[in-house]
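Each chain gets a letter, A, B and so on, in the order the sequences are listed, and its residues count up from 1.
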Number of protein chains: 2
Amino acid sequence: MATRTAAQRRAEARAEYNAFLAACPSQQLLARVSGKWVTLVLSALGSGPDCDGDPRPMRYSELGRVLAGVSPKMLSQTLRSLERDGLISRTATATVPVTVTYELTDLGLSLHQTVRQLKRWSETHQDEVAAHRAAFDAARGEDPVPRGGAQPEAVP
Amino acid sequence: MATRTAAQRRAEARAEYNAFLAACPSQQLLARVSGKWVTLVLSALGSGPDCDGDPRPMRYSELGRVLAGVSPKMLSQTLRSLERDGLISRTATATVPVTVTYELTDLGLSLHQTVRQLKRWSETHQDEVAAHRAAFDAARGEDPVPRGGAQPEAVP
DNA sequence: CGGTATCCTAGTAGATACTG
DNA sequence: CAGTATCTACTAGGATACCG
C-alpha cells in the first residue's frame, strides 16, 4: 500500500537528500575545512608559524610544534587528507634521518585566501555575536517568558 | 622535578592551546557553521526554498519540508543556536494553531553572503579537488611505493 | 625524524514518542 | 503546528605504543 508513516516519509526524503548533500560542493568543502586542525595547518603553511607572514614550506615536526598539542595521528591524518585533495604537497628528502616538508599548492593557497575572508567576517562580527548570545542567555535565564513553545516547568 | 614526558608536555600545550582555540574567532565561526543543517537553513532563509531567490521569512514546517529528512529535533536545535547568535530572528504569532516564522537578521544575511563566497570557491574548484583525489587514490592503489612511512603488510 | 596501528572516549546526529 | 524528552549509534578526536 502507498500509505507511509511520517517517519518512513522522512527516511525516504533523507535518502534522496543524502545524494544531494553528497553532491553539494559547499557541503563537501565545509566537511573538509571543518576538521579541528585543517584550518590551523592551512594558516600555518599559508601565513608562517607566526600567523602573519608569507607562505612557506614547513616540516612535520615544525607543524607539530606550531599546532601545540596536536597528536601525531591527527597531524598525519590532517596532512594526508589535505594532500589527497591537492591542497598541500608533500616532499620527502632521503637524508638521514629522513626530512619531510609540506607546502601549500596553488589550490591550497587559493582556499587559504577564501578562508581568510571567513576569518575576517568572524573577527569583524564576533562581538556582535557574543552580545546577542549574552542577551539571549540572559533573557532565558532571568525572564523565562513563554515564547510559544513548551517551557520547562518551574517547581510546583 | 621539571622533567616531563612528551605526553605531559603535549597535554600542557594543549591546555594552553584550548584557550587560544576557544578565543579564536574563525574557529568559533567554523564550529558554528559546520553543523550539518546550519548552512542549509541559512541558504533556505537567504535564498528562498528554491535556493536562488530572495531572502524571505519561512515557517518551521516549511523549513522542515525544504530541508528534507531533517528531524524536528535537529531543526529546532539548529534554529535555536542560530537565534542565540543573532543570525536569525524568531517570530511567534498567537494564532490558533500558533504560527512561528524565522527570518535572517542583518547579521545573518551578512554571514550568508560570506558563506556564498566559500560556496563559489567550492563550485569553482570542485573538479580540481576531485581530480587530485582520484589521482592520489589511484597512485596509492596501483603503485604502493613506500613514501617514507610504514606500508600495510601484504598477506604473508 | 616521521610516521603507523590499536584502543578508547565523548560529543553530535538521528529515531521515536509525547506535549501545549 | 511547533516543538520537547529520551534513548541509541556513529565517528571525529585523542592517548599510547611501536616501526622504518
Side-chain angles (χ1 to χ4, degrees), chain A residues 5-15 17-18 21 31-38 40 58-65 67-81 83 90-102 140 146-153, chain B residues 5-15 17-18 21 30-32 34-38 40 58-65 67-81 83 90-102 140 144-153:
Chain A
T5 69
Q8 283 174 317
R9 260 180 281 115
R10 263 220 316 274
E12 285 181 26
R14 198 164 68 80
Y17 217 56
N18 279 345
L21 282 179
R32 170 82 28 235
V33 159
S34 64
K36 187 169 181 182
W37 303 104
V38 176
L40 298 168
M58 292 177 73
R59 296 180 56 174
Y60 179 89
S61 51
E62 196 177 0
L63 284 167
R65 239 172 293 120
L67 310 180
V70 68
S71 67
K73 173 190 161 182
M74 289 317 295
L75 187 53
S76 245
Q77 191 171 298
T78 305
L79 289 169
R80 178 143 325 219
S81 76
E83 185 197 2
R90 179 185 186 277
T91 312
T93 315
T95 56
V96 46
V98 63
T99 306
V100 181
T101 61
Y102 293 91
R140 286 184 54 84
R147 284 166 22 261
Q151 216 63 22
E153 192 64 35
Chain B
T5 68
Q8 283 175 318
R9 261 180 281 114
R10 263 219 318 273
E12 285 182 26
R14 198 164 67 80
Y17 217 56
N18 279 345
L21 283 179
L30 262 133
R32 172 80 29 233
S34 63
K36 187 171 181 181
W37 302 103
V38 177
L40 298 169
M58 293 176 74
R59 296 179 56 174
Y60 179 89
S61 53
E62 196 177 2
L63 283 168
R65 238 172 293 119
L67 310 180
V70 68
S71 66
K73 172 191 162 183
M74 289 316 296
L75 186 52
S76 249
Q77 192 171 297
T78 305
L79 289 170
R80 178 142 327 216
S81 75
E83 186 197 2
R90 178 184 186 277
T91 311
T93 314
T95 55
V96 47
V98 64
T99 306
V100 181
T101 61
Y102 294 90
R140 286 185 53 85
V145 56
R147 285 172 15 266
Q151 218 63 21
E153 192 65 36

Nearest to the side chain of [X], heavy atoms from C-beta on, is which of [options]?
X	options	result
B/Arg59	C/dT4, D/dA2, C/dG2	D/dA2
B/Tyr102	C/dG3, D/dG3, C/dC1	D/dG3
B/Lys36	C/dA13, D/dG14, D/dC1	C/dA13

For atom [atom1] of [X] and atom [atom2] of [N], their distance in whole Å:
X	N	atom1	atom2	result
A/Arg90	C/dC1	CZ	P	16 Å
A/Leu79	C/dG2	CG	P	11 Å
A/Leu67	D/dG13	CG	P	13 Å
B/Leu75	C/dT16	CG	P	18 Å
A/Glu62	C/dG3	CD	C1'	17 Å
B/Leu63	D/dC1	CG	P	14 Å
B/Leu30	D/dA12	CG	P	16 Å
B/Glu83	D/dG3	CD	P	9 Å

Quiz item: Looking at side-chain heavy atoms only, is the closest gap between B/Leu63 and B/Leu79 below 4.5 Å?
Solution: yes

Exercise. Please figure out whether A/Ser76 or B/Pro97 has its closest DNA chain C nucleotide nearer the 5' end.
Key: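 Closer to the 5' end of DNA chain C: A/Ser76.
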
Quiz item: Who are the side chain to side chain donor-acceptor pair (under 3.5 Å) partners of A/Gln77, not counting sequence neighbours?
Solution: none

Quiz item: Which residues satisfy the side chain to side chain donor-acceptor pair (under 3.5 Å) test with A/Thr95, sequence neighbours excluded?
Solution: A/Thr99

Does [X] put a side-chain nitrogen or oxygen below 4.0 Å from OP1 or OP2 of [N]?
X	N	result
A/Ser61	C/dC1	no
A/Arg80	C/dT4	yes
B/Trp37	C/dG14	yes

Applying a 4.0 Å non-hydrogen cut-off, can you work out what [X] is touching in the nucleic acid: base, sugar-phosphate, or nothing?
X	result
B/Gln77	sugar-phosphate
A/Gly35	sugar-phosphate
A/Thr99	sugar-phosphate

Rounded distance (nearest 0.5 Å) linking atom [atom1] of [X] with atom [atom2] of [Y]:
X	Y	atom1	atom2	result
B/Tyr102	B/Glu62	OH	CD	13.0 Å
B/Lys36	A/Ser34	NZ	OG	12.5 Å
B/Ser71	B/Trp37	OG	CH2	8.0 Å
B/Leu67	B/Thr78	CG	OG1	8.5 Å

Quiz item: What bend angle does the helix from C/dC1-D/dG20 to C/dG20-D/dC1 show across its length, from five-pair end axes and to the nearest 10 degrees?
Solution: 50°

Quiz item: So which one's nearest nucleotide on DNA chain D is more toward 5', B/Tyr60 or B/Lys73?
Solution: B/Tyr60

Exercise. Kindly give the heavy-atom pair with the smallest separation between B/Arg59 and B/Val98, and that separation in Å.
Key: NH2-O, 4.4 Å

